[in-house]
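In what follows, a structure is listed as structure tokens, so that the remarks can point back to it.
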Amino acid sequence: MGEKNPAAQWLIAFALAVLFAAFQIQSSLHSGSLSLPATYDDIGYFNDALARLEILYRDGGRAFLKSFWANAPHAPLQTLLALTGFSLLGPHQWAADAMNAFPLMILLRLVLGFAGRTLPLATSAAVAAALLGFPLLALVVLEFRPDM
């Protein structure tokens, strides 16, 4: 069913990723702020994103785009995810982590597409949901690293 209903697969992947990220972040917040401490790299991406967001608000879009040329980000994808999280959700400690639902959504969509070639959509969605029980996927949400 992989080719038969790709929109449904994207929707299921999005819903699973958002719910999983929300549950992981809530669990981590209840375990003591975010229970996994931010690493040096994480702080660098967060600071870079917040500094660029300040340039956007203070100096406008042209200066913001110029900042990427003048001072290229160390990890562009992670900086973009953090920047998007902070700009959409505010400068909260969990905002950047919430954006990690999007790479997770792409991973789930790949699983749904692979499993969906031979399985019904409901069964492949159950397989994708079961995959979320793998401990590494919690770290994909809670650690803000490009090499996760």
Side-chain angles (χ1 to χ4, degrees), residues 2 5-117 121 124-148:
N5 201 349
Q9 291 179 348
W10 276 112
L11 183 63
I12 290 170
F14 176 77
L16 286 173
V18 167
L19 284 171
F20 181 75
F23 289 143
Q24 287 298 322
I25 290 169
Q26 282 300 313
S27 173
S28 192
L29 286 170
H30 288 328
S31 296
S33 198
L34 280 172
S35 61
L36 293 173
T39 66
Y40 177 78
D41 286 344
D42 297 347
I43 298 301
Y45 306 138
F46 298 161
N47 288 339
D48 187 17
L50 287 171
R52 291 178 199 279
L53 194 57
E54 182 179 348
I55 290 169
L56 176 64
Y57 287 141
R58 187 185 61 225
D59 301 327
R62 187 176 183 149
F64 170 73
L65 293 174
K66 194 175 179 182
S67 75
F68 284 93
W69 179 261
N71 183 20
H74 171 67
L77 177 61
Q78 293 306 107
T79 300
L80 182 63
L81 280 173
L83 181 70
T84 305
F86 291 138
S87 62
L88 292 176
L89 304 169
H92 303 290
Q93 62 180 343
W94 49 265
D97 293 322
M99 293 310 296
N100 280 337
F102 286 99
L104 186 61
M105 177 186 67
I106 292 168
L107 173 69
L108 290 173
R109 173 56 179 93
L110 291 172
V111 168
L112 283 168
F114 179 73
R117 288 184 294 152
L121 184 59
S124 60
V127 168
L131 177 69
L132 293 175
F134 188 62
L136 178 64
L137 292 182
L139 296 178
V140 168
V141 173
L142 298 176
E143 288 195 14
F144 206 80
R145 300 175 49 91
D147 53 0
M148 284 307 297

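Quick note: residue numbers are just sequence positions, from 1. Side chains are part of it too, since the values below use all heavy atoms of this structure and drop only hydrogens, waters and symmetry mates.
- Residues that satisfy the side-chain contact (heavy atoms from CB on, under 4.5 Å) test with A63, not counting sequence neighbours, are I55, D59.
- Legend: residues meeting ring-ring contact (aromatic ring centres under 6.0 Å, His included) with H74, ordered by chain and number and at least two apart, are absent.
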Could you list the donor-acceptor pairs under 3.5 angstrom formed by side chains in residues 99-108, with sequence neighbours left out?
| unit_1 | atom_1 | unit_2 | atom_2 | d |
| --- | --- | --- | --- | --- |
| N100 | ND2 | V140 | O | 3.2 |
| N100 | ND2 | V141 | O | 3.2 |

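- By the 4.5 Å heavy-atom criterion applied to side chains, S124 and L121 are counted as neighbours.
- Rounded to the nearest 0.5 Å, atoms CG (L53) and OG1 (T79) are 12.5 Å apart.
- Residues passing the side-chain hydrogen bond (donor to acceptor under 3.5 Å, both in side chains) test with R58, sequence neighbours excluded: E54.
- L29 contributes atom CG, which lies 11.0 Å from atom CD of Q24 (distance to the nearest 0.5 angstrom).
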Considering only distance and modelled atom types, tabulate donor-acceptor pairs under 3.5 Å from the side chains of residues 80-89, sequence neighbours left out.
| unit_1 | atom_1 | unit_2 | atom_2 | d |
| --- | --- | --- | --- | --- |
| T84 | OG1 | L80 | O | 2.7 |
| S87 | OG | L83 | O | 2.9 |
| S87 | OG | T84 | O | 3.0 |

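- Between D48 and P73 the shortest heavy-atom distance is OD2-CB, 3.4 Å.
- Remark: S67 pairs with R52 by the side-chain hydrogen bond (donor to acceptor under 3.5 Å, both in side chains) rule, at least two apart or across chains.
- Contacts of F68 classified as ring-ring contact (aromatic ring centres under 6.0 Å, His included), with partners at least two apart in sequence or in another chain: F64.
- Residues forming a side-chain hydrogen bond (donor to acceptor under 3.5 Å, both in side chains) with Q26 (at least two apart in sequence, or on another chain): none.
- Residues satisfying the side-chain contact (heavy atoms from CB on, under 4.5 Å) criterion with A129, sequence neighbours excluded, are L16.
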